[in-house]
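Index from 1, following the sequence.
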Amino acid sequence: MRPPSEFETRVERWRHDLVGSLERLYDDPVDVAQRLLAIARNAYDARPDELHDLDQRRLDEPDWFQRSSALGYAAYVDRFGATLKGVAEHLDHLSGLGVTYLHLMPLLTPRPAPNDGGYAVADYTTVREDLGSNEDLRDLAAALRERGISLCIDLVLNHTAREHAWAAAARAGDAEKRDYYLVYPDRHLPDQYEQSLPEVFPDFAPGNFTWDDELEAWVWTTFNDYQWDLNWANPSVLCEFAEILLGWANAGIEVFRLDAIAFLWKRMGTNCQNQPEVHHLTQALRTVARIAAPAVLFKAEAIVGPADLAAYLGTGAHAGKVCDLAYHNSLMVQVWSMLASGEVGLAALALQNLPQPPPTTSWITYLRCHDDIGWAIDDTDAWRAGLNGHAHRRFLADWYAGSFPGSWARGLVFQENHQTGDRRISGSLASLAGRQADDPAATARILLAHSVILSFGGLPVIWMGDEVGLLNDLGWADDPAHAADNRWAHRPRMPWPVPEDTDGIREGLDHLLHVRASLPHLHAASPTEVWDPRDPGVLLVVRRSPHGPLLAAANMTDRAAHVPSEVFYWLGMAGGELVDHLTGDRPRFDGDSIALGPYAAAWLTAEHGNT
């Protein structure tokens, strides 16, 4: 057991932040703080020695997840290896890619189907029975840790399944557990809330409240009628989740994806998203983790507008005290927009609007995930770029559904909104990029898109199968449990052994990853600047680093393009000899510009004579 002074030192360091956040949430913040510190003390005492050692290494090297050698991978357990033990049998594949972070999609015990893909949790303390046991998860985390890979799991914060023990107790008349949820005896308050609430799933889960006969009341259900929203204004809910989180941290989980975090706090007259209390709650939970298990990272699943996103990585008083990671949804959407349109002006404007994340945090950059793609194109950004936002979203949906003339994409329409005309798109990266249509430029597009997320700034995450160009699963609807949800088209099973790399996707990706790891310029703390385009088809991203600037240029078109010499002049690179780290070449100016081939990327620095 570690000396008590280590724990007490952390308490002394973080007590002010803990009580400060609780003061904005609860009537008796000191009492709640004492409850949380008792939970932290128990978790600290029970924490295995090897995890205490990991805590110290993380404290000594807090930028471990920001380095250019960091790489993420995300997968469903059953799709990647059938079971947790099966995942452990394929760790060579992950190590071969250079993976340092593995996100395994929802694996805690859900309610029976339907369960929102596992996001309706019935028991936060156990693993899905068909995937294995808690001990299997603990063993997998240890095996990953030996390879330098941190394990991430989902922690659903906004709601539990109706079948959760708390909800069952509430239905049985337990007043204490009833107060864990947002429960109303009649429609008076729900109707007032509904006036300003959007509907997440208007097609199959309209409204935000559900009548429950056993509860004899209306319960708040933002997502589905079987997902009961928790009452985070009750401090016991916070304490329960602190205990749950630290229990899994002591099992070796290093990263927690905080699912539906934007919805935690409800306020009449608002959309009940992104309320200030969300960040106070996150700070309180984060502080408890820092005291008991500082190796742990928080990742915000906050798919919110640009104006709200930065707060999840910490702004103002919360800087450096909330989440360490957040999804860069806007970058993902804009990459697909650029590839379809061959224009980068809209993307440049949209990405310029996002603030630089705090230097101790990182974006999650990605091209695909388990979910569909919603075309989050802001109308104001579109207008400033000379486009109509609605028309552009319609174009993107048509293009990636494969219905627009000349499209090489083969996606599927998911959840069409007949009132607004908005449509979301399902499909694997390779199918959306043209490989399913046998388009000859598909591999170049796939690698170009990866070059953008690898150079932009953050922790890049590869969705399972994208490294080998897996296509849509044409049999996705054969399973009755999946027949109503075409997102399963881009969740195929990983083929073992992996297919031969006939298209050069894996080889090209390996090269990009190797080069990225060699460039300290691409550390996530290095500021990212998106420059106004010179050529309308070339995205220009500058990474400012103590090692000098790096220019990442990406030609998003099927034609030759150029980077003019004035870009290098303004970057202070004109006096040095340029190096393209992706090709190893030393580019020369052709007239007053450097050429880029179709769908080509360049990562350029300048070598000066005195370096």
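Side-chain N/O atoms of Y73 and E467 include a donor and acceptor closer than 3.5 Å. Using a 3.5 Å distance cut-off with no hydrogens or angles, the side chains of Y599 and R559 do not pair a donor with an acceptor. In this structure, a donor-acceptor pair under 3.5 Å is present between the side chains of H523 and D63. Side chains of R543 and T528: a donor-acceptor N/O pair is present below 3.5 angstrom, by distance only. Side-chain atoms of T583 and D580 include a donor-acceptor pair closer than 3.5 Å. Residues N486 and S426 have side chains that bring a donor and an acceptor to within less than 3.5 angstrom of each other.
Here the side chains of S455 and R516 are not in contact, with every heavy-atom distance at 4.5 Å or above. Looking at P549 and M573, their side chains come closer than 4.5 Å, going by heavy atoms from C-beta outward. The closest side-chain heavy-atom distance from H370 to M464 is not below 4.5 Å. Side-chain contact between V335 and L367: present, with at least one pair of heavy atoms (C-beta onward) separated by less than 4.5 Å. Between M105 and Y119, the closest side-chain pair of non-hydrogen atoms falls below 4.5 Å. Between W531 and V567, some side-chain heavy-atom pair lies under the 4.5 Å cut-off.
R394 has no carboxylate O lying under 4.0 Å from a charged side-chain N of D398, or vice versa, which leaves the two without a salt bridge. In this structure, D324 pairs ionically with R286, as a charged nitrogen and a carboxylate oxygen lie closer than 4.0 Å. For the pair D473 and R491, the salt-bridge criterion is not met [side-chain N within less than 4.0 Å of a carboxylate O]. By the 4.0 Å N-to-carboxylate-O rule, E577 lies close enough to R588 to be salt-bridged with it.
Of the residues listed (D371, D372, D485), the one engaging R424 in a salt bridge (charged side-chain N to carboxylate O under 4.0 Å, His left out) is D372, and it is the only one.
Remark: T605 engages H581 in a side-chain hydrogen bond (donor to acceptor under 3.5 Å, both in side chains) (not counting sequence neighbours).
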Inset, instruction - Starting from the C-alpha separation in whole Å, work towards a yes-or-no answer on side chain to side chain donor-acceptor pair (under 3.5 Å) for D308 and Q273. - result: CA-CA 10 Å; D308 297 311; Q273 297 179 40; over 6 Å; no
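In this pair, W375 and Y400 present their aromatic rings parallel. The plane angle is below 30°, not in the 30 to 60° band. Relative orientation of the H521 and H547 rings is tilted, given thresholds of 30° and 60° on the angle between their planes. By the 30° and 60° cut-offs, the orientation of the rings of W488 relative to H482 is parallel. Ring pair Y312/H279 is perpendicular by interplanar angle, where above 60° counts as perpendicular and below 30° as parallel.
A cation-pi arrangement, defined by a distance under 6.0 Å to the six-membered ring centre and an angle within 45 degrees of its axis, is present between R445 and W408.
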